[in-house]
Student: 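Below is one structure. I have some questions about it.
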Amino acid sequence: MQIPSISNTQPKNQTFQGNINIVNDLSYLPCKYVRKAYDSMAKMIEDKPFDLFIKQDHKNKTLNFIAKKPEDLGKIKKPFVKNIIQNAPNLDNGQYTEDLYKTVAKETIDTYNTMYPTYTKGEKIKRFFNKLANEIVEAFQDKDEI
């Protein structure tokens with residue numbers, strides 16, 4: 001077994017690679033539909049800084065789609081978005097198809113993006129200096145401040 005060398009000279013580009021994680025196990029039907037919709041969901045999350053967790057609650061007969069950063073998974077007060085499909089493991093009457101799973105995943109991802117937007121370092125610096133420039137302009141325009 002070879003261990004790859006760790007180099008500190010690698011570029012520090014900020015690339016996001018969101019993953020789909022299945023927490024615990026899924027029943028037959030949810031597993032079937034997740035498998036069918038997996039490629040579409042993977043394309044939706046591939047450039048995001050958070051992951052999509054799919055978790056089945058056997059007691060309540062629900063399927064949860066959770067968007068959260070992987071390092072915040074066990075932490076309660078960290079931001080996340082959760083969408084639930086009711087009675088998903090029981091019914092196979094055409095209502096629960098892979099299209100429903102794709103739609104719920106897309107809604108979860110889009111809601112997380114709008115509630116908790118992420119910015120690159122360049123965008124953060126640009127926003128900081130734009131805000132600073134606006135405050136300087138307002139200070140010069142206000143004759144009482146000078």
Side-chain angles (χ1 to χ4, degrees), residues 1-139 141:
M1 184 171 142
Q2 290 183 338
I3 299 174
S5 63
I6 298 173
S7 173
N8 289 336
T9 61
Q10 295 176 348
K12 296 192 181 209
N13 295 338
Q14 189 174 16
T15 57
F16 300 130
Q17 292 182 339
N19 294 315
I20 298 173
N21 299 308
I22 297 174
V23 180
N24 297 335
D25 61 342
L26 297 178
S27 298
Y28 173 72
L29 290 176
C31 183
K32 174 183 164 183
Y33 295 135
V34 167
R35 205 174 320 124
K36 286 183 177 181
Y38 187 85
D39 292 336
S40 298
M41 290 189 295
K43 287 180 185 174
M44 289 181 218
I45 194 101
E46 70 183 353
D47 60 341
K48 307 296 183 203
F50 54 90
D51 288 352
L52 182 67
F53 296 92
I54 301 172
K55 180 180 179 184
Q56 183 175 358
D57 186 357
H58 295 282
K59 181 179 177 184
N60 296 329
K61 298 180 182 174
T62 60
L63 192 68
N64 303 318
F65 286 76
I66 303 166
K68 195 170 194 176
K69 291 186 178 180
E71 61 267 11
D72 298 338
L73 184 59
K75 300 172 184 165
I76 296 173
K77 294 186 179 184
K78 295 295 181 174
F80 72 96
V81 173
K82 180 178 180 181
N83 284 330
I84 301 171
I85 299 176
Q86 297 287 334
N87 294 325
N90 295 359
L91 303 175
D92 191 17
N93 58 5
Q95 181 182 5
Y96 296 102
T97 63
E98 63 269 10
D99 293 333
L100 174 66
Y101 286 54
K102 290 178 198 175
T103 304
V104 172
K106 181 170 178 28
E107 182 181 321
T108 305
I109 292 166
D110 292 344
T111 304
Y112 190 94
N113 277 334
T114 56
M115 290 177 67
Y116 311 107
T118 56
Y119 302 105
T120 62
K121 286 184 181 180
E123 290 172 334
K124 287 180 183 178
I125 292 169
K126 185 176 180 180
R127 289 176 53 139
F128 170 77
F129 282 113
N130 284 339
K131 185 177 177 182
L132 180 65
N134 289 338
E135 290 178 4
I136 291 172
V137 168
E138 286 177 11
Q141 290 175 347

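By convention here, the first residue in the shown sequence is residue 1. Reckoned from all heavy atoms, side chains included, excluding hydrogens, waters and symmetry mates.
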Student: As an exercise, state the distance from CD1 of Ile84 to CG of Asn60, rounded to the nearest 0.5 Å.
Tutor: 8.5 Å

Student: Taking all non-hydrogen atoms of both residues, which atom of Leu52 and which atom of Ala67 are closest, and how far apart?
Tutor: CD1-N, 4.5 Å

Student: Rounded to the nearest 0.5 Å, how far apart are CE of Met41 and CD1 of Ile54?
Tutor: 4.0 Å

Student: Identify the heavy atoms of Ile45 and Asp51 that sit nearest to each other, and give their distance.
Tutor: CD1-C, 4.1 Å

Student: Can you confirm whether Val81 sits close enough to Tyr116 that some side-chain heavy atom of one is under 4.5 Å from a side-chain heavy atom of the other?
Tutor: yes

Student: Shortest non-hydrogen contact from Thr62 to Asn64?
Tutor: OG1-OD1, 3.8 Å

Student: Once rounded to the nearest 0.5 Å, what's the spacing between atom NZ of Lys68 and atom CG of Asn21?
Tutor: 13.0 Å

Student: Show the nearest heavy-atom pair for residues Ser27 and His58, with the distance to one decimal.
Tutor: OG-CE1, 3.6 Å

Student: What is the distance from atom CD1 of Ile136 to atom CZ of Phe129, rounded to the nearest 0.5 Å?
Tutor: 9.5 Å

Student: Are more than 12 heavy atoms, taken from residues, nucleotides or ligands other than Lys102, located less than 6.0 Å from that residue's NZ atom?
Tutor: yes

Student: Under 30°, 30 to 60°, or over 60°: which ring-plane class applies to Tyr112 and Phe50, parallel, tilted or perpendicular?
Tutor: tilted

Student: Over all heavy atoms of both residues, which pair between Gln56 and Pro30 is shortest? Give the atoms and the distance, please.
Tutor: OE1-CG, 4.1 Å

Student: First locate atom CG of Asn19, then atom CD of Glu46, and finally report the distance between them rounded to the nearest 0.5 Å.
Tutor: 11.0 Å

Student: Step by step, would you call Ile85 with Tyr101 a side-chain contact (heavy atoms from CB on, under 4.5 Å)?
Tutor: CA-CA 9 Å; Ile85 299 176; Tyr101 286 54; 4.2 Å; yes

Student: Measuring from Asn134:CG to Glu138:CD, what's the distance to the nearest 0.5 Å?
Tutor: 6.5 Å

